[in-house]
Amino acid sequence: MIYNFLFLVATIPVALAHDNGLGLTPQMGWNSWNKYGCNISANDIISAATSIKEKGLLDLGYEYIVMDDCWALKTRDPVTKQIVPDPSKFPNGIKNLSDSIHDMGFKWGMYSSAGKYTCAGYPGSLDYEEIDATTFASWGVDYLKYDNCYNQGRSGTPSESFKRYEVMSKALNSTGRPIFYSLCQWGEDGPWNWASTIANSWRISGDIYDNFNRYDDRCPCESFQCIGLQGFDCSVMNIIRKALPLSQKARDRDGWNDLDSLEVGNGGMTYDEYVTHFTVWAILKSPLMLGNDVSAMSDQDLSIVSNRDLITINQDRGTQPAYSKWTKNYGDSIIILLSGELSNGDWVVALVNGASQQLTYNISMTDVFIDNRIYAEKRWVARDLWTNETSSVNNFIISNVKPHGTQVWRFSKSS
Ligand code: GAL
């Protein structure tokens with residue numbers, strides 16, 4: 001505790017979450033919600049962590065184990081006012097579970113809501129921020145996902161939401177424990193414009209579901225500009241469209257656009273669709289939080305989330321997400337050209353095929369480097385980050401992309 005205090009005094013001039021020393025790169029880990037929903041227990045969490053470690057994913061950087069909603073009893077302790085873990089799910093309490101997770105080499109994350117209740121109806125932390133932050137810190141929590149349900153009308157404008165989320169930011173910092181602060185405001189009040197001074201990341205959309213492009217009335221917004229009802233059951237393509245204009249809002253020391261946990265391994269998409277999902281999340285520098293049962297994962301799905309080249313780009317220090325250079329209508333959907341500079345001067349370039357038709361396209365270097373025209377003249381060597389094949393680039397690169405697939409390269413200067 002004394003060490004933590006000194007650490008904070010030395011490194012945090014102002015007690016704001018974005019200055020908690022965390023979030024220099026997007027967070028990586030596992031979150032229980034997409035696969036398990038409310039069916040969680042200490043045993044499920046421990047076995048998830050065990051599989052993640054056994055499959056080598058901790059070594060690749062998936063370090064936060066985050067338990068989502070439904071861990072508590074429905075009422076607070078009448079005396080201490082603390083949230084009480086459900087003893088039928090956590091017979092040895094949360095501190096014991098947190099210790100086990102730490103002993104395995106992971107960091108430990110939990111969930112609450114900036115509302116009266118969580119989205120599943122358990123006690124939320126609104127107006128109990130200090131008690132809950134202190135409790136979380138005493139349980140060894142390293143990460144808080146903080147939701148938006150039942151916010152009692154204290155939302156609808158950026159400043160209302162800012163104030164509501166700022167209270168928890170301050171409460172977390174004053175515990176003296178560095179706790180990654182992951183906002184889940186769904187993008188309804190444009191958190192990319194106000195959360196960077198209080199948080200490490202912010203969700204930009206309603207909840208993902210395990211589908212590539214199906215329209216669902218529960219996710220009515222097609223754009224980030226749709227304020228007020230982001231909903232849930234949002235497809236991968238729906239979230240990608242919302243994320244494209246927001247690259248300019250994310251960077252280290254400010255925070256990250258969170259496109260939601262991954263669905264890879266949950267069975268609802270094809271290999272090529274999961275490749276698109278993982279590639280875009282990685283190069284837009286979204287958090288990479290696994291959301292599946294890792295013990296039951298196919299080798300093919302494991303190979304997707306283990307792509308070291310894309311993880312390296314996602315975790316590249318000091319660079320912004322890739323930007324969309326254009327979106328064009330194609331077949332029954334759209335195609336998107338993305339590119340972005342990396343810290344060593346290389347570039348990442350990707351062509352996303354949202355359509356259900358095969359795509360062959362000559363990508364022009366003037367498009368790739370539309371904002372950096374001098375680079376368009378240079379000679380590049382392009383390495384495909386899924387096949388590892390290399391090719392030289394001179395004015396154009398020819399791309400063949402499967403339906404719903406994505407081709408992505410790392411461009412290095414040709415010697
Ligand atoms: C939603 C949130 C999901 C999940 C769920 C739990 O609001 O966006 O990611 O946390 O609540 O009830």
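Any value given below was found using the heavy atoms of this structure, including those in side chains, with hydrogens, waters and symmetry copies removed. Numbering of ligands and ligand atoms starts at 1, following listing order.
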>> Does Lys402 have more than 12 heavy atoms from other residues, nucleotides or ligands lying within 6.0 Å of its NZ?
In response: no
>> Going by disulfide (SG to SG under 2.5 Å), name the pairs with one or both residues in residues 103-154, residues two or more places apart or in two chains.
In response: Cys119-Cys149
> Quick one: does NZ or CZ of Lys107 land under 6.0 Å from the six-membered ring centre of Tyr64, within 45 degrees of the ring axis?
Replying inline: yes
> So which protein residues pack against ligand 1 under 4.0 Å, heavy atoms counted?
Replying inline: Trp33, Asp68, Asp69, Tyr111, Cys119, Ala120, Lys145, Asp147, Cys184, Trp186, Arg203, Asp207
> Looking at Trp33, does the NZ or CZ of Lys35 lie under 6.0 angstrom from its six-membered ring centre and within 45 degrees of the ring axis?
Replying inline: no
> Can you name the residues that form a side chain to side chain donor-acceptor pair (under 3.5 Å) with Tyr165, not counting sequence neighbours?
Replying inline: Asn148
> Partners of Cys184 by disulfide (SG to SG under 2.5 Å), sequence neighbours excluded?
Replying inline: none
